[in-house]
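Sequential numbering from 1 along the given sequence is applied to the chain's residues.
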Amino acid sequence: MKEPPAAGKVPGKSAGKTTGTATTKATGKSAAKSAGKTGTKVPAKSTGTAGTKTTGKPTAKTTGTTGTTAATATAKTGEKTTATAAGKAATAAGKPAEAPASEAQQVQRQRSLRLQQTDAEQLLRQAGLRWTSSGGCSNRQGRNCTSLQAVRSGTISSAIDLKRRSGCRLVVTGGTEVGHAPGPYSHFAGYKLDIKPNACINRYIKKNHPKQGVRGDGARLYGEEGASEPLYAREADHWDILFR
């Protein structure tokens, strides 16, 4: 006959199983299930899944797309801005090259303007220049007249500049009247004036302008070859000056 188990064993074993196993299983499973449903899985699903899908992926996708779009837009904008800036820079860089040509053309057009007799006389008078005529007339068709009709504006301004630079007294004795040698740069075309010689202007021309040989009629030439500076021809009783 077996002895009944000790009083301490039954309660311990039973308690161990009941408390340790049943309680652990019941409590653990319930707690785990409860905690899993309430604390782990639900928040994880809600936070993780919803958060990942809603917050993570769409945000990443949206951010990525937006970032890419922004980057593309920035790149395009940058390219457009750079291209526009380059275009403006090229245009700006091109302007200094065109400006002098345009200005030179305007100056040339201004110098090519034809003046009326009274206007040319007024300009010379204001600058302190005089003019004389052996026939006492200004008719362009009179050989003994000194006419300034249709003279180039540049011719008059160059004569005034010659007086200013030389500091000499200048008297015009020939202009656009007939009787001079013909040609595209002739008296009649408005490019030439005859100036009465004097010691001051003779010295100035010879000192400041190199010799350029002798003209066909024997007149000694002074001036800058191939330049736009005046060309001086010393004739017997006057200086024949080409103002180009």
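- Note on Leu170: it clusters hydrophobically with Val151, by side-chain heavy-atom contacts below 4.5 Å among ILVMFWY residues.
- Within the structure, every pair that satisfies the disulfide bond (SG atoms under 2.5 Å apart) test and touches residues 122-161, not counting sequence neighbours, is listed here: Cys137-Cys145.
- In this structure a side-chain-to-backbone donor-acceptor pair under 3.5 Å is missing from Ser138 to Thr146.
- Separation of the Tyr185 and Tyr191 ring centroids falls under the 6.0 Å cut-off.
- The CG atom of Leu124 lies 4.5 Å from the CD1 atom of Ile156; values are rounded to the nearest 0.5 Å.
- A donor-acceptor pair under 3.5 Å is formed between the side chain of Asn198 and the backbone N or O of Arg169.
- Remark: side-chain polar atoms of Ser157 are paired, donor with acceptor, to backbone N or O of Gly154 under 3.5 angstrom.
- Identified under the disulfide bond (SG atoms under 2.5 Å apart) test for residues 161-220, with sequence neighbours left out: Cys168-Cys200.
- Atom CH2 of Trp131 is separated from atom CG of Leu148 by 7.0 Å, given to the nearest 0.5 angstrom.
- The two residues Gly223 and Gln212 make their nearest non-hydrogen contact at O-NE2, 2.7 Å.
- Using a 4.5 Å heavy-atom threshold, the side chains of Ile241 and Leu231 count as separate.
- In this structure, Phe188 has its ring center at least 6.0 angstrom away from the ring center of His180.
- Using a distance-only test at 3.5 Å, with no hydrogens or angles considered, a donor-acceptor pair links the side chain of His187 to the main chain of Gly175.
- Going from atom CD of Gln108 over to atom CD of Gln110 covers 10.5 Å, rounded to the nearest 0.5 Å.
- With Thr155 contributing its side chain and Gly190 its backbone, the two residues share a donor-acceptor pair below 3.5 Å.
- Between the NZ atom of Lys192 and the CG atom of Asp240 there is a distance of 4.0 Å, given to the nearest 0.5 Å.
- Counting heavy atoms from C-beta on, the side chains of Leu221 and Val214 never come closer than 4.5 Å.
- The neighbour count for Lys163 NZ, taken as heavy atoms of other residues, nucleotides or ligands under 6.0 Å away, is above 12.
- Side chains of Arg114 and Ser153: a donor-acceptor N/O pair is absent below 3.5 angstrom, by distance only.
- One finds the CG atom of Leu162 at 10.5 Å from the CH2 atom of Trp239 (value rounded to the nearest 0.5 Å).
- Taking each heavy atom of Ala189 and Gly183 in turn, the nearest pair found is CB-O, 4.0 Å.
- In the model, Glu177 has no side-chain atom that pairs as donor or acceptor with a side-chain atom of Gln141 under 3.5 Å.
- Both Leu123 and Leu129 sit in one connected hydrophobic cluster of ILVMFWY residues. Membership requires side-chain heavy atoms under 4.5 Å apart, directly or through other members.
- Under the 3.5 Å distance criterion, the side-chain polar atoms of Arg140 are matched with a main-chain donor or acceptor of Thr176.
- Within a 6.0 Å sphere centred on CZ of Arg143, other residues, nucleotides and ligands contribute 12 heavy atoms or fewer.
- Under 3.5 Å, the side chains of Arg165 and Tyr204 contain a donor-acceptor pair of N or O atoms.
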Candidate pair Arg203 and Ser166, rule side-chain hydrogen bond (donor to acceptor under 3.5 Å, both in side chains), full reasoning: CA-CA 9 Å; Arg203 181 171 57 252; Ser166 66; over 6 Å; no
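- In summary, the side chains of Glu121 and Gln117 do present a donor paired with an acceptor at a separation below 3.5 Å, with no hydrogens or angles considered.
- Hydrophobic clustering keeps Ile205 apart from Leu242 (ILVMFWY residues linked when any side-chain heavy atoms are closer than 4.5 Å, directly or through intermediates).
- Remark: Glu235 engages Arg215 in a salt bridge, criterion side-chain N to carboxylate O under 4.0 Å.
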